[in-house]
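All of these numbers come straight from a predicted model, not from anything done at the bench. First listed ligand is number 1; within each ligand, the first listed atom is number 1. Values reported hereafter were calculated over all heavy atoms of this structure, with side chains retained and with hydrogens, waters and symmetry mates removed.
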Amino acid sequence: MFVTVDRELCAATGGCAQLCPDVFSIGADGIVVVTQASPDESLRPLVLDAADLCPTAAISVEH
Ligand code: SF4
């Protein structure tokens with residue numbers, strides 16, 4: 001699994017960081033940062049939920 005975020009699209013809601021703080025955090029500028037681009041498979045459900053719930057579809061998950 002490979003996680004990326006389009007920081008241009010992120011609306012700084014903080015939702016993904018709340019849902020899955022092991023993978024997403026909020027940067028100093030308020031925009032999300034991916035802290036683990038290849039997280040453990042056990043985090044897949046949370047990562048996929050975060051991607052689904054992101055209001056601007058800024059989160060992409062490959063594989
Ligand atoms: S849920 Fe989407 S818009 Fe909200 S902080 Fe995460 S990437 Fe940004």
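- For Thr35 (side chain) and Val23 (main-chain N/O), a donor-acceptor pair under 3.5 Å exists by modelled atom type.
- Applying the side-chain contact (heavy atoms from CB on, under 4.5 Å) test to Ser38 and every residue at least two apart in sequence or in another chain returns Phe2.
- The shortest side-chain heavy-atom distance between Phe24 and Leu19 does not fall under the 4.5 Å cut-off.
- Gln36 places a side-chain N or O within 3.5 Å of a backbone atom of Asp22 that can act as its donor or acceptor partner.
- Residues satisfying the side-chain contact (heavy atoms from CB on, under 4.5 Å) criterion with Asp6, sequence neighbours excluded, are Glu8, Leu9.
- Residues satisfying the side-chain contact (heavy atoms from CB on, under 4.5 Å) test with Ile31, not counting sequence neighbours, are Arg7, Cys10, Ala12, Asp29.
- Listed by chain and number, the protein N, O or S atoms at a distance under 2.8 Å from atom 4 (Fe) of ligand 1 are Thr13 OG1.
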